[in-house]
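First the structure, in the form of structure tokens, and then the observations on it.
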Amino acid sequence: MERLDFRIMLLSMLGSCFMQSYSQKAWTPHPPLNIPLEATGTFCEIRSNHFHSGIDYRTQQKEGLPVFAIEEGVLSRIYIQPGGYGKMLAIEHPNGYTSLYAHLRDFSPEYERIADSLRIELKQNKIDVSVQHLNIKIQRGQRIGYSGNTGSSTGPHLHFEIRETSTQHALDPFDFGLSPPDNQAPVFEQFGYYSAFKSKSGGLRIGNLQSLPPGNFPTTLLVDTGLIGFAAIVFDRQKTGGFKNGLRKLELWEESSLIFRVEFDRLDFSQTRYINAHIDYPASLSGKKWRRYFKLPNDLLANYKVGNQLMGFIHLKDGESRVLRLMAFDQAGQQASIRVTVKGSAGPVKGLAGPNVLAGKSDSLISCGASIVLTAKSLYQDEYFSKECLSENGPGGFPVYTLGSPLVPVHDYVNVYLPVPAGVSELKNYLCVAVNYKGKFVYCDSEANENYIKARSNDLGKFTLIIDSLAPVLSFSSFTGVYRPSQKIRMNLKDDFSGIKSWEVRVNGQFIPADLSLSGELVFAVPRLNYGSYALCIMATDKRGNAMSWERSILISAE
Ligand SMILES: [Zn+2]
């Protein structure tokens, strides 16, 4: 693990590669859409718990636009899930890159048939499979599917990625010319800073973000002496009035010394959650996208090129003035900067409580008989967690336990153990752990043990137990019982708490591929069978194993 060296050292230069420009790659791909490209989302912009791994191209608020292969290649991956990419295809190209097309409404008919036969063979509706071995050749510019709004998508668009095949790291598609014209430089919206404190263990904690009002960029700022780090809300637009998109690069300079640089030219998916260390996590919970011009000790994102020994922080002495320049660059190389003189004000440096939980060490927190286990990778910096017992009950009528704070991001899943309350041990297989996320208790992947329920959580804060003994519910607005072959049947399949784990549609016992959307719409096509009466059976289970099954006879009419 990297450790801060707190000796005040001369800020060191990184070398001669400061002013590199983004060289366009030699390859010119075919555009994935046949409309002018416009991006509502760009590479590595800030999303919830991840950096955006591609470009979101506008599809004129419509679904069903043809989507084209950007280069010849072999179909390499088929993915169908209710969330995530929704319906997605990937193509591996002979030049070392892979392209990926997501949230599709449909694949082209030949790939729909392949997806269906894979789902039937695996008897699974959710698939994410490598299909390289099938050696399905695709031509440059060939139509491969139709744009849509499937998966975790909030409106019709094409999510498009280019990956380096050997590493599966995502690259910026704008570097391959698949960019709309960009004549707008980045814009700084808000400026802020942090005081940072060395903890007794030799680790680091930062204080709360000190934010100035939007549009307020002081020329001189009085701050506490000691370690100071900077932050800004900054974005880029491609055109006047366009979407607020992401940036290529952030830099912090003092005179001619580069103190900090983070560059988003590629993304290792295994590191994407480090976004929660790059942004101000508490502010992000209310939608504010602060970017930090420093690196926390346990943030291992490979995109940082830190120029000084203090990982982007500066050490300010009493009465000392330093002139800093925060810079932001867009993908087209346009830049914006703000310049601020910070002056260390007299007076003792204000410390922070604790810390009592250290980054880089595994630890367990125990509160009122409940516990949580943190791994060495859980925390980005040392933290202080209060250990008080609350006497409140959650929505399930069981005690609420406080284990850490929801304002502290955790990198790894943490294991949570809540005791099975007296008198409900016979119900323990229905008990699940819920964590309070943005004011609401949500399901954590749970398993019942002897005297406790164990769960995995992505969040800290308030935990409680909830009983989920209700199976998913199937509903529909019309069911005629008479259908033509290939006709689509639409129903709703919903679960009250833990969520749908699996679903299955069978006709006379034969598995029929069926799509479920995040909103609970279940869609499947009537199989191409001869005229006659058939048994239609729909089954589903939730994540606690509560199962439902529904059966009717249907008449399949002539085509
Ligand atoms: Zn996207």
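Just follow the structure's listing: the first ligand is 1, and inside any ligand the first atom is 1.
- If you check the side chains of His103 and Tyr85, you find no donor sitting under 3.5 Å from an acceptor.
- Put simply, His103 stays out of reach of the Zn ion (ligand 1), with no N, O or S atom under 2.8 Å from it.
- The Zn ion (ligand 1) lies at 2.8 Å or more from every N, O or S atom belonging to His157.
- A salt bridge links Arg490 with Glu521: the closest approach of a Lys/Arg side-chain nitrogen to an acidic carboxylate oxygen falls below 4.0 angstrom.
- Between the Zn ion (ligand 1) and the N, O or S atoms of Asp56, the shortest distance is to OD1.
- Side-chain contact annotation: Asp459 with Ser457, donor-acceptor N/O pair under 3.5 Å absent.
- Under 3.5 Å, the side chains of Ser53 and Glu161 contain a donor-acceptor pair of N or O atoms.
- No other N/O/S atom of His159 lies as close to the Zn ion (ligand 1) as ND1 does.
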